[in-house]
Amino acid sequence: MQLKLLDKLRAENPVIFNIANFVTVQDVANAVNAIGASPIMSNEVAEAEEIVRMASAVAVNIGCLTKQQINHIKKVEDLARQYNKPIVFDPVAVGAVEYRYKITDKLLWDFHTSIIRGNIGEIAALGGFDWSSKGIDAGSGSGDIDEITAKTAQKYRCTVIASGPTDTISDGKRIAHIHNGSPLFKTHVGSGDMLTSIVTAFTAVADDPFEAAQIGALVFSCAGQLVVKDHPNVGPATFGMYLMDYLYKVKVADIEQIADFD
Amino acid sequence: MQLKLLDKLRAENPVIFNIANFVTVQDVANAVNAIGASPIMSNEVAEAEEIVRMASAVAVNIGCLTKQQINHIKKVEDLARQYNKPIVFDPVAVGAVEYRYKITDKLLWDFHTSIIRGNIGEIAALGGFDWSSKGIDAGSGSGDIDEITAKTAQKYRCTVIASGPTDTISDGKRIAHIHNGSPLFKTHVGSGDMLTSIVTAFTAVADDPFEAAQIGALVFSCAGQLVVKDHPNVGPATFGMYLMDYLYKVKVADIEQIADFD
Amino acid sequence: MQLKLLDKLRAENPVIFNIANFVTVQDVANAVNAIGASPIMSNEVAEAEEIVRMASAVAVNIGCLTKQQINHIKKVEDLARQYNKPIVFDPVAVGAVEYRYKITDKLLWDFHTSIIRGNIGEIAALGGFDWSSKGIDAGSGSGDIDEITAKTAQKYRCTVIASGPTDTISDGKRIAHIHNGSPLFKTHVGSGDMLTSIVTAFTAVADDPFEAAQIGALVFSCAGQLVVKDHPNVGPATFGMYLMDYLYKVKVADIEQIADFD
């Protein structure tokens, strides 16, 4: 894995355009800033072209999807295609809400998405696998996560990250797993949304989406693991706070020491 | 008081649908998650039925009310009636903003609300009592808080929580008081909104709204009191952070040791 | 500088109306509350008059500008003129997004703004100076910051704060500089937005906007500097958290000891 991409990201400080949800937007902006990119948020079609042009990549998060937002997403995704900017998509709750599934499925067919980042319930729903999602959470199921991830990637011809205790990443052919992390990620709402936008930042410096997905997931998981190593008594909110600090200060050498992936 | 409802809540992990305001939504989502429920937010009428069905209860917060949101609230409250899901209502600033009072009063007549949770300025306004609210704050007044709370509960045939240094709770007949807490709650914007959604979570496991109101207010107040006991020098933001940690880790036995109510 | 205005602010606890962006709104509300004022947020034209009347001043932040919001801003700014309430304007990203520049320039001509608070890239764009802004960040340029600040103030007949490592403040005639602060402000998204609303709070107690701008910027910068003095190892998020605590607890005497301005 090209861990030096972290240094490249910080040196280049790319602008990352986030179509964010209002629940986690502040965490997302701070995480993008902390890792070394420059976040910008916008909800207005009239400035979409300007913002897509200045951005290196676009993160689309449907955590609080509205009809109005769908038009905005379509416009932005069309512009991203036109200006050749990668799109990373976070299909929040598509496993639990049929309305969101239908919108997302259509967007994923109509526009080329570089990476989809969701929990296994969301990824399984997109891939057409049986899984019991629960609201915004992964829920439970018995499918093979490698297969679900790879098949969903093949279906939409993109890279897929199914995040969880182990992050499973596939571009339809290759499979990678990130074993780093901490159970505390699940206790902090917004962890997944932050990961989505951090992976988006890495698409600005990586050679391909599969590489961006791996490095993004690895850096994020290791930052959290280092928090817990240094502060073993953290709860959900102290974890969330230190996570942001560690995204800012984590060095390539720190990650090399604990990186656990295949 | 049925303190074991806290364990039941954590075991059942009910989905709680929040119509939230954009100021405090992240705190609300994290608080619902930390106490052991699963938060979901939505602003789109088209997915309202799906989300009401999957949720065990609905929290409605008008902290940044818009006309568009009123239609959404009406639709959701109608669906909550249809699917028999309790509604908890947070009437932010109805004591200071006549527009919000009128909308809220009509909603409370048109749809059955299980619990109203506000500061005393908001509760007094709804009950028709004289009180000088100040923006989102309780302001000042000289009325009898027990009487205001009970009469407002009688008016809307629901349970009312007037939160403050002491939380006063009434279903129109019974009165309860929670004396736990800390003055720091007032210094952290979003404390009240978090309480509203935590009480909503308890309606999913309690036998009746009056019980849910009491246990929710008690757990929340005690978590804050324990923060200050363990971290006596906290300011508004460190208090807010530790509060989230303590909502996650507080045990029934911890609460039993300090619970102070009648 | 009238440092005792901090005590006056806390004694009077004025209501501050914020037209906020959804990225930083929670930080802004908490910062206004922590410094000793009472924040209220609203996005609804129908309640604009009530809220302008109860507020002592209005902060307008275009960090996530939409067409719908422009109508709201116009209505609120017209009411602020009518009720003689000062307006403080935060022109987020006008240096990078032409759409926002055009809207902002027109608003600044059509309504009297007391104070504009932005980074140097934003202030230079408004003043018509050459500068390379980068998204929401200041970017880089070689102009004279004193001249840019003073000329922009003259252009819009108001006070301008160009914040950065040194905050430069001008009303078109006078120039002041605040040298306090910390590089960590830049690592926490929302620092600028918090400053804007804190300055807005001081317009409620200061004799003129130039004084409010100076005291607001000084108190904010010193609070951050004291955080780093007491907690030298803070990262972006721990800094942001302690900043809120220090806004709450900082005393006039603490500021006097480290104040560095001319």
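The shown structure was predicted, so the numbers you read here are calculated from the model rather than taken from an experiment. Per chain, numbering begins at 1; letters A, B, ... match sequence-line order.
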So, B/Arg117 and B/Asp167, do they make that salt bridge, N to O below 4.0 Å? no

Just so I understand: if I count every heavy-atom pair under 4.5 Å between each of C/Met54, C/Lys249, C/Met244 and chain B, which residue has the most? C/Met54

Can you check side chain to side chain contact (heavy atoms under 4.5 Å, CB included) on B/Ile161 and B/Thr168, steps first, answer last? CA-CA 6 Å; B/Ile161 308 173; B/Thr168 304; over 6 Å; no

Most contacts with chain C, counted as non-hydrogen pairs under 4.5 angstrom, among B/Thr24, B/Val25, B/Asp137: B/Asp137

Taking C/Gly240, C/Ala46, C/Ala55, C/Ala20 one by one, which has the highest count of heavy-atom pairs under 4.5 Å against chain B? C/Ala46

Would you mind checking which part of C/Asn18 comes under 4.5 Å of any heavy atom in chain B, side chain (CB onward), backbone (N, CA, C, O), both or neither? neither

So which residue, B/Lys134, B/Gln68, B/Lys186, B/Met241, ends up with the most heavy-atom pairs under 4.5 Å with chain C? B/Lys134

Specify which of B/Val97, B/Thr187, B/Ile136 makes the most heavy-atom pairs with chain C at under 4.5 Å. B/Val97

Can a salt bridge be assigned to the pair C/Asp78 and C/Lys75 using a cut-off of 4.0 Å between side-chain N and carboxylate O? no

Might you confirm whether atom OH of B/Tyr156 has over 12 heavy atoms from other residues, nucleotides or ligands at distances under 6.0 Å? yes

Top contributor to chain B interface from C/Ile40, C/Asn30, C/Asn33 [non-hydrogen pairs under 4.5 Å]: C/Asn30

Kindly check if the number of other-residue, nucleotide or ligand heavy atoms within 6.0 Å of CG (B/Asp130) is above 12? no

Ring geometry between B/Phe185 and B/Phe239 (parallel below 30°, tilted from 30 to 60°, perpendicular above 60°): perpendicular

Among B/Thr66, B/Asn21, B/Leu65, B/Val23, who wins on heavy-atom pairs under 4.5 Å with chain C? B/Val23

Answer with side chain, backbone, both or neither: which region of C/Tyr246 has an atom nearer than 4.5 Å to a non-hydrogen atom of chain B? neither

Looking only at side chains, do B/Ser42 and B/Glu47 share a donor and an acceptor under 3.5 Å apart? yes

Okay, C/Glu50 and chain B: the region with an atom under 4.5 Å from a heavy atom over there is side chain

